[in-house]
Structure formats: C-alpha cells, structure tokens
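Naming: A, B, ... by sequence-line order, numbering from 1 per chain.
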2 protein chains.
Amino acid sequence: MKLMSFDELDVKILAALSQDGRVRWSALADRFGVSAPAIADHVRRLENSGIITGYSVQINAVAVGLGLIAFVSITLDHPRHRADFLNYVQHQAHIQSCHHVIGESDYLLKICCASTADLERILTEEIKALPGIQQTRTTIALSSVKDTAALPIDEPN
Amino acid sequence: MKLMSFDELDVKILAALSQDGRVRWSALADRFGVSAPAIADHVRRLENSGIITGYSVQINAVAVGLGLIAFVSITLDHPRHRADFLNYVQHQAHIQSCHHVIGESDYLLKICCASTADLERILTEEIKALPGIQQTRTTIALSSVKDTAALPIDEPN
DNA sequence: AGTGAAAATGGTTGGCA
DNA sequence: TGCCAACCATTTTCACT
C-alpha cells in the first residue's frame with residue numbers, strides 16, 4: 001500500500017463506481033473518453049494503493065427481513081475490557097458499525113436485525129453479558145430516511 | 001417490484017455478492033455447482049424484485065481525505081419543517097445516513113467530511129440555518145472500529 | 001428452473017507512441 | 001501513462017429438458 005496521488009480520472013472513476021460498482025470498464029472508457037485498458041489501469045492502481053478496498057452489493061434490508069435498526073451507546077467501565085469488546089464487535093455480522101466516540105459514552109454501535117425480539121436477545125444475551133459493560137443506551141430507528149455508505153465524492157466535469 | 005420467495009441459492013448469492021460485488025457469474029456457478037446462466041437468472045430476479053438495489057465500490061475514507069465522521073442528533077420544533085429537512089438530507093452527499101429515531105431526539109444523522117473546519121461549516125451554515133431546528137447535539141468519532149453496510153446474511157452450507 | 005453450446009460482448013496482454 | 005489490436009474470458013441468448 002503505497003502513497004498515491006489521484007488525478008481527475010481517478011475521482012471520476014470513484015464517483016462512477018460508487019453509483020454502479022459493476023459498471024464495465026468499456027462503459028467508463030466511453031463515458032470519459034479514454035480506452036478500456038486505461039480505466040482498468042487506474043482501477044488496479046486504486047485497488048493496489050488501498051483506496052478501493054472492495055466491492056459489494058446493496059440489498060434492501062426490509063425485503064430480506066432485516067428491517068430493524070438500532071443504535072446502542074456503550075460505556076466501558078475499564079480499558080482492560082476493550083480488547084474483548086472489540087473482538088466481539090468484529091465477529092458479529094449484525095453489528096454494522098462501531099465508532100469510538102467522544103462525549104457521554106465510549107462507543108456507538110449500529111445494529112441491524114430482524115425484530116425487537118432479536119434485538120432484545122442481542123442486548124441482553126450478548127452485549128450486556130460482555131465483561132466490563134458499564135452502561136448501554138439503545139435507540140430504535142422508526143425509519144431510515146437515508147442510509148448509504150457512499151462517500152461525498154463529486155464527479156468532476 | 002413483485003413479491004418473491006428466495007431459496008437457498010439466492011441467499012448464497014447475496015452472501016457472496018456482499019463480499020465481492022464484482023464476482024463473475026461463472027465463478028459463483030463453479031462455487032455453487034450450477035451453470036452461469038442459472039446464476040445470472042437468480043441475480044436478475046433479485047434485481048427485478050427490488051431485493052438487490054445496486055452495486056457499489058468500497059472506498060477507504062481516510063485515504064481520500066474524508067476521515068472525519070460525526071453523529072448529529074436533531075430535534076425539530078414543528079412537523080411543518082419536516083419536508084424541508086428531509087429534502088436537505090437527501091441532497092447532501094456528506095450526510096451518509098439519517099434515521100428517524102424514537103427517544104430524546106427526532107433524527108440521527110451520520111456525517112462524513114474532511115475536517116473539523118468542514119464539519120463546523122456544515123453544522124453552522126447548513127444544519128443550524130435550516131428552519132425549525134430546535135436542538136442539535138454533535139458527537140465526533142475518534143475512530144471507526146467497524147463500518148460496513150453489509151447485512152447479516154450468512155452463507156448456508 | 002436449469003442446462004449446454006453458440007453468438008456477442010467485454011477484459012487483458014503486449015508492443016508502441 | 002495511454003492507445004491499439006489481437007487474444008482470451010465471460011455473459012447472454014436460445015432451444016431443450
């Protein structure tokens with residue numbers, strides 16, 4: 001993973017791939033007025049430099065029965081419990097994100113699950129059963145106005 | 001967008017595409033013991049039924065200078081201002097998510113930006129300038145332990 | 001639904017500007 | 001770095017089960 005400077009074409013490619021991660025190199029080549037191998041070169045470089053970390057599909061969570069989103073603020077009572085906690089977080093697929101935050105609590109988790117019963121199990125049997133959890137505060141989302149992982153990268157002209 | 005039941009192969013495909021959104025149909029065909037057209041058929045059906053909503057690239061936010069994440073809780077002082085607020089949220093690329101929540105505040109935003117100066121501008125010039133914002137509370141993320149959009153879909157055996 | 005083979009499209013490699 | 005052209009791989013279509 002080496003340092004890299006990106007040019008305008010790289011930014012255009014990142015913006016385009018954010019919208020359609022399976023777009024053909026040839027389509028981008030036509031759109032940006034270069035050849036397909038040129039696009040492939042840029043993409044390879046973005047991948048090798050660690051700027052592009054992967055590709056994924058976007059799935060309608062409600063349609064697959066995973067429509068409940070909850071945010072859980074967690075305060076740990078001692079730094080000694082941090083490693084176990086982080087290990088737990090990394091291994092649970094229903095924990096979509098975990099941010100170390102500054103302020104009232106230590107960590108903010110976003111949990112994606114099927115139902116309130118499911119959430120209840122995660123909170124009581126998993127999270128509160130971990131060592132060193134001093135306090136949790138759970139906020140349930142009534143609806144998702146917007147929920148994307150896309151970065152604010154604008155396509156240059 | 002019609003109702004659809006999914007079988008085991010669909011679940012396998014969704015799990016595989018979550019890990020690699022650009023994987024070749026032929027590779028999935030080999031892995032799951034079916035033909036490439038069979039994979040293509042399933043994927044097309046998942047797309048047409050609205051279960052797959054798109055594909056995207058995963059980008060290292062820090063590497064492109066967008067390493068500051070903040071969570072902003074917002075309380076609106078009157079439902080009349082809701083439409084304007086939601087419209088604002090939809091049109092700002094740096095607002096990655098907005099959930100209508102139950103509890104102390106009305107909405108929880110996740111903001112992705114370049115710096116504290118950038119965040120300051122967003123908060124004071126954009127958000128607090130909107131009509132009907134009664135209260136905001138901002139939490140800055142020190143680090144992201146985990147941050148994925150992947151749904152908890154396990155690959156069946 | 002799924003298959004297999006043919007036709008079409010797209011990707012990759014290597015020589016060169 | 002980028003292009004072109006040829007070669008190779010993949011996707012798509014279609015008749016059939």
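B/D41 places its CG atom 12 Å from the C1' atom of D/dC14, with the value rounded to the nearest Å. Straight-line distance from the CD atom of B/E8 to the P atom of C/dG2: 12 Å, rounded to whole Å. Between the CZ atom of B/R24 and the P atom of C/dG11 there is a distance of 7 Å, given to the nearest Å. Rounded to whole Å, atom P of C/dG2 lies 14 Å from atom CG of B/L28. The CG atom of B/D30 sits 12 Å away from the P atom of C/dT3 (whole-angstrom rounding). D/dT11 atom C1' lies 16 Å from atom CH2 of A/W25, rounded to whole Å. Atom CG of B/L46 and atom P of C/dA1 are 12 Å apart (whole Å). A straight line from CD1 of B/I39 to C1' of C/dG4 spans 16 Å, rounded to a whole angstrom.
In this structure, B/R44 fails the cation-pi test against B/W25, since its NZ or CZ atom is not both closer than 6.0 Å to the six-membered ring centre and inside 45 degrees of the ring normal.
With ring centers used as reference points, A/Y107 lies under 6.0 Å from A/F85.
Closest contact between the side chain of A/S35 and the listed nucleotides C/dG11, D/dC3, C/dG4 involves D/dC3. When distances run from any side-chain atom of B/H42 to the nucleotides C/dG2, C/dT12, C/dT3, the shortest one goes to C/dG2.
Using a 4.0 Å cut-off, some side-chain N or O of B/R45 falls inside it from OP1 or OP2 of C/dA1. Contact annotation: B/S26 reaches the phosphate of D/dT11 (side-chain N/O to OP1 or OP2, under 4.0 Å).
Exactly one residue among B/Q96, B/Q58, B/K110 makes a side chain to side chain donor-acceptor pair (under 3.5 Å) with B/D147. That residue is B/K110.
The residue among B/A38 and A/A40 whose nearest nucleotide of DNA chain C lies closer to the 5′ end is B/A38. Nearest-nucleotide positions on DNA chain D for A/A36 and A/R22 put A/A36 closer to the 5' end.
Inter-residue side-chain proximity for A/V145 and B/Q90 is flagged as met; some heavy-atom pair is nearer than 4.5 Å. A heavy-atom distance below 4.5 Å is found between the side chains of A/I127 and A/I74.
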